[in-house]
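One structure is given here, and the rest of the page talks about it.
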Amino acid sequence: KQEVTQIPAALSVPEGENLVLNCSFTDSAIYNLQWFRQDPGKGLTSLLLIQSSQREQTSGRLNASLDKSSGRSTLYIAASQPGDSATYLCAVVGETSGSRLTFGEGTQLTVNP
Amino acid sequence: NAGVMQNPRHLVRRRGQEARLRCSPMKGHSHVYWYRQLPEEGLKFMVYLQKENIIDESGMPKERFSAEFPKEGPSILRIQQVVRGDSAAYFCASSTGGLPYEQYFGPGTRLTVT
């Protein structure tokens, strides 16, 4: 059974810092890994999707990497801003789980002005 | 091109009533997924549907919960005889159904059972 773990559970940083969020998964047989952002009381916004054949994806100040063999992904946020404050969720689609997403518990990020 | 739409956004039901949650997928998407987020917990898969077919319902509670995605109209998640433990945010996502299985989420329906 696929399990996804995110570390840390919460993170508080001053504005301007570069930071890294970690995600690990137990079964490396995946089709893709997605990073989402969730604001309080809101839905999920897709940030980046990395297919199993890819090593990384970039969008603006965000960079996500994937090491499928070791079951790890990182989300790098450069020059953090207060508007980046949200919960960041990592999710995978496993090769043996149909096309459903298995989510981690999330990292709650606070960027202080 | 409208995104995934869910309604109502907030729903209050008394114990024992029925709750109906609706989801309209993105244009061009024929695959719908329902996920539940209980308070202080992560998102958990419930059910995966194609038009007129349930593909995977392995995450659905065995009783009181059902889902459908008819040929015409939105997907419906139905909860009969709601209990306080059903209070949660219910999210719908849609996809084209093909690789890389990217899913797009709606804003969710927040169900409160009093």
Side-chain angles (χ1 to χ4, degrees), chain A residues 1-7 9-10 21 23-25 29-57 59 64 66 68 73 86-108, chain B residues 2-10 21 23-26 29-50 53-60 67 88-112:
Chain A
K1 178 188 169 189
Q2 178 75 269
E3 291 183 2
V4 180
T5 304
Q6 291 187 245
I7 294 173
L21 307 182
C23 172
S24 61
F25 44 97
I30 63 168
Y31 285 122
N32 72 47
L33 182 145
Q34 276 186 266
W35 282 95
F36 295 90
R37 170 187 171 134
Q38 185 175 27
D39 293 282
K42 301 288 177 65
L44 278 70
T45 301
S46 180
L47 298 174
L48 290 163
L49 178 145
I50 312 177
Q51 297 184 55
S52 61
S53 58
Q54 298 173 324
R55 294 292 299 227
E56 66 178 333
Q57 284 286 340
S59 176
L66 174 64
K68 185 181 165 185
S73 175
T87 296
Y88 290 79
L89 298 165
C90 163
V92 299
V93 176
E95 292 181 9
T96 59
S97 60
S99 56
R100 66 178 182 264
L101 286 162
T102 301
F103 282 87
E105 297 284 315
T107 294
Q108 187 173 350
Chain B
V4 179
M5 299 175 67
Q6 289 188 249
N7 64 80
R9 296 289 304 277
H10 299 274
L21 289 62
C23 168
S24 297
M26 282 181 70
H29 288 188
S30 58
H31 294 244
V32 164
Y33 309 77
W34 286 93
Y35 296 85
R36 178 167 68 173
Q37 187 173 38
L38 292 164
E40 307 303 322
E41 292 189 21
L43 279 98
K44 303 285 189 222
F45 167 79
M46 299 182 74
V47 64
Y48 166 34
L49 310 105
Q50 233 181 322
N53 280 308
I54 297 175
I55 307 300
D56 179 359
E57 57 182 347
S58 59
M60 285 278 269
Y90 292 82
F91 291 97
C92 167
S94 73
S95 78
T96 60
L99 285 168
Y101 300 129
E102 186 167 12
Q103 296 181 26
Y104 297 83
F105 280 76
T109 293
R110 276 145 189 88
L111 172 66
T112 302

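Residue numbers start from 1 in every chain, and the chains themselves are labelled A, B, ... in the order their sequence lines are given, proteins ahead of strands. Values in this document were obtained by computation on a predicted structure and should not be read as measured data.
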Taking side chain as everything from C-beta outward and backbone as N, CA, C, O, which of these in A/L101 sits under 4.5 Å from a heavy atom of chain B? Side chain, backbone, both or neither.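 Both the backbone and the side chain of A/L101 come within 4.5 Å of chain B.
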
Heavy-atom proximity to chain B below 4.5 Å, by part of A/S99: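 Looking at A/S99, backbone and side chain both touch chain B.
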
Under 4.5 Å from any heavy atom of chain A - which part of B/S95: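 Contact with chain A is absent: no heavy atom of B/S95 under 4.5 Å.
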
Heavy-atom proximity to chain A below 4.5 Å, by part of B/Y35: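 The side chain, not the backbone.
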
Largest heavy-atom contact set with chain B, pairs under 4.5 Å, which of A/S46, A/G106, A/G104, A/G41: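 Looking at each option in turn, the highest pair count goes to A/G41.
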
For A/Q6 and A/L21, indicate whether the former's side chain and the latter's backbone hold a donor-acceptor pair under 3.5 Å.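 Not a single qualifying donor-acceptor pair exists.
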
Between B/Y33 and B/Y48, what is the ring plane arrangement, given parallel below 30°, perpendicular above 60°, and tilted in between?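 Judged by the thresholds at 30° and 60°, the geometry between B/Y33 and B/Y48 is parallel.
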
Relative to each other, are the rings of B/H29 and B/Y104 parallel, tilted or perpendicular (30° and 60° limits)?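 If you compare the ring of B/H29 with that of B/Y104, the planes turn out tilted.
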
Working to the nearest 0.5 angstrom, can you tell me the gap between A/L89 CG and A/Q38 CD?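 Rounded to the nearest 0.5 Å, the CG-CD separation comes out at 5.5 Å.
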
From CE (B/M60) to CZ (B/R36), nearest 0.5 Å: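 Here the interatomic distance stands at 9.5 Å.
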
Among B/K44, B/H31, B/Q37, residue most engaged with chain A (heavy-atom pairs, under 4.5 Å):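 The residue among B/K44, B/H31, B/Q37 with the greatest pair count is B/Q37.
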
